[in-house]
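Single-structure report; data block below.
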Amino acid sequence: NARDILKNELREVLAKGAASLADGTQPDPIVKRPDFGSLEVYYQTIHRAENGYRASGAEALVRWRHSQRGLLTPASFIPVAEEGGLIDALGFWVLREACTAARNWPENSFVAVNVSPSQLRRPNFAEEVFTVLQETGLAPSRLELELTESSLIEDNSDVYTVLKSLRGRGVQISLDDFGTGYSCLSHLMRFDIDRIKIDRSFVSLLGTKANGAAIIGAIVALSRNLGISTTAEGVETEYQRDFLTALGCTDLQGYYFSRPAPLRELDCFRQPEDAT
Ligand code: C2E
Ligand code: CA
Ligand code: CA
Ligand code: CA
């Protein structure tokens, strides 16, 4: 079926990438950066409200330029990658790409990278991340890892240790799609999160249903009291931007500001020397 075909194709892309490592040592898709050809990382800027909405960082979002099907968004292949045991290799490749890219951005900017539950369950996950940071030379505080709450509900003490070790070195941790799944306040207490990303589904309620504002207001107030930053996702209009700012969201992300775009089109982080 179509899903299996896609899975095999993705496996092939990843295998080819791993084999393309030219340094003669054992191909290691996790710590080396293979050329995955048809895979590409897009970036969507994230804007700080108190700074006149200047871009403060960007989120890495993977794309697959498929030879027959065109540009595929992650919804069509991340689940396939997770099912096929390919997500760890894919995820580490995205991490490495993102850290390499962010090294050339302004010094106080950050890059956010999505992490699948299966990656987080790797006992050596923190060390693998530190290796990537070391090899790319990116300061740990400039990397933000976006986890979903499903990564945390297993109440796995290994995950706790991994996150503690990452935060100990200054890596930022954010909780993605907050409010959609098993939102649980005890996660916020136990895991010492740096940031919450408020899901687009709440943002899109603003101006249509009164509960949108009430829910976002409550999340922001709680976060503030805990010293946690809040990014609103899926901001599409000026009205939403102003409403979210008034509610106290610290950062905003969405089509209103920018669509995900290839690195070469990320004008706001371009350094003078690569403006060719
Ligand atoms: P996400 O982490 O919630 O990422 C935000 C998604 O919302 C992106 O979809 C982005 O393009 C889209 N978006 C941003 N602003 C707006 C807006 O104003 N309006 C609307 N309608 N949509 C907006 P995308 O790129 O298709 O990614 C979908 C999901 O795939 C992501 O959701 C994330 O969970 C997952 N994903 C993407 N890249 C990776 C990756 O490298 N690893 C893993 N594990 N998951 C990834
Ligand atoms: Ca995300
Ligand atoms: Ca999200
Ligand atoms: Ca979302």
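Excluded from the calculations below are hydrogen atoms, water molecules and symmetry mates; all remaining heavy atoms, backbone and side chain alike, are included. Counting from 1, the numbers follow the sequence of the chain as shown. In listed order, ligands and their atoms are each counted from 1.
- The hydrophobic cluster containing I46 also includes F110, under a criterion of side-chain heavy atoms closer than 4.5 Å among ILVMFWY residues, counted directly or through chains of members.
- Listed by chain and number, the protein N, O or S atoms at a distance under 3.0 Å from the Ca ion (ligand 2) are E59 OE2, N114 OD1, E146 OE1, D176 OD2.
- Salt bridge absent: D177 and K197 never bring a charged side-chain N and a carboxylate O closer than 4.0 Å.
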Trace of the side chain to side chain contact (heavy atoms under 4.5 Å, CB included) decision for N1 with I5: CA-CA 6 Å; N1 69 29; I5 294 173; over 6 Å; no
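- Side-chain rings of F92 and F125 approach one another, their centers coming within less than 6.0 Å.
- Ligand 1 places these atoms under 4.0 Å from at least one heavy atom of E233: 3 (O).
- Of the options Y255, F257, Y256, Y42, the smallest heavy-atom separation from atom 13 (N) of ligand 1 is shown by Y255.
- Of the listed residues (V113, N114, L72), the one carrying the non-hydrogen atom nearest atom 40 (C) of ligand 1 is N114.
- At a heavy-atom distance under 4.0 Å, no atom of Q119 approaches ligand 1.
- At a heavy-atom cutoff of 4.0 Å, ligand 1 is contacted by the side chain of R200 but not by its backbone.
- Electrostatic pairing of R65 and E40 counts as a salt bridge here, judged by a charged N lying under 4.0 Å from a carboxylate O.
- By the criterion of a heavy-atom distance under 4.0 Å, the side chain of V94, and not its backbone, is placed next to ligand 1.
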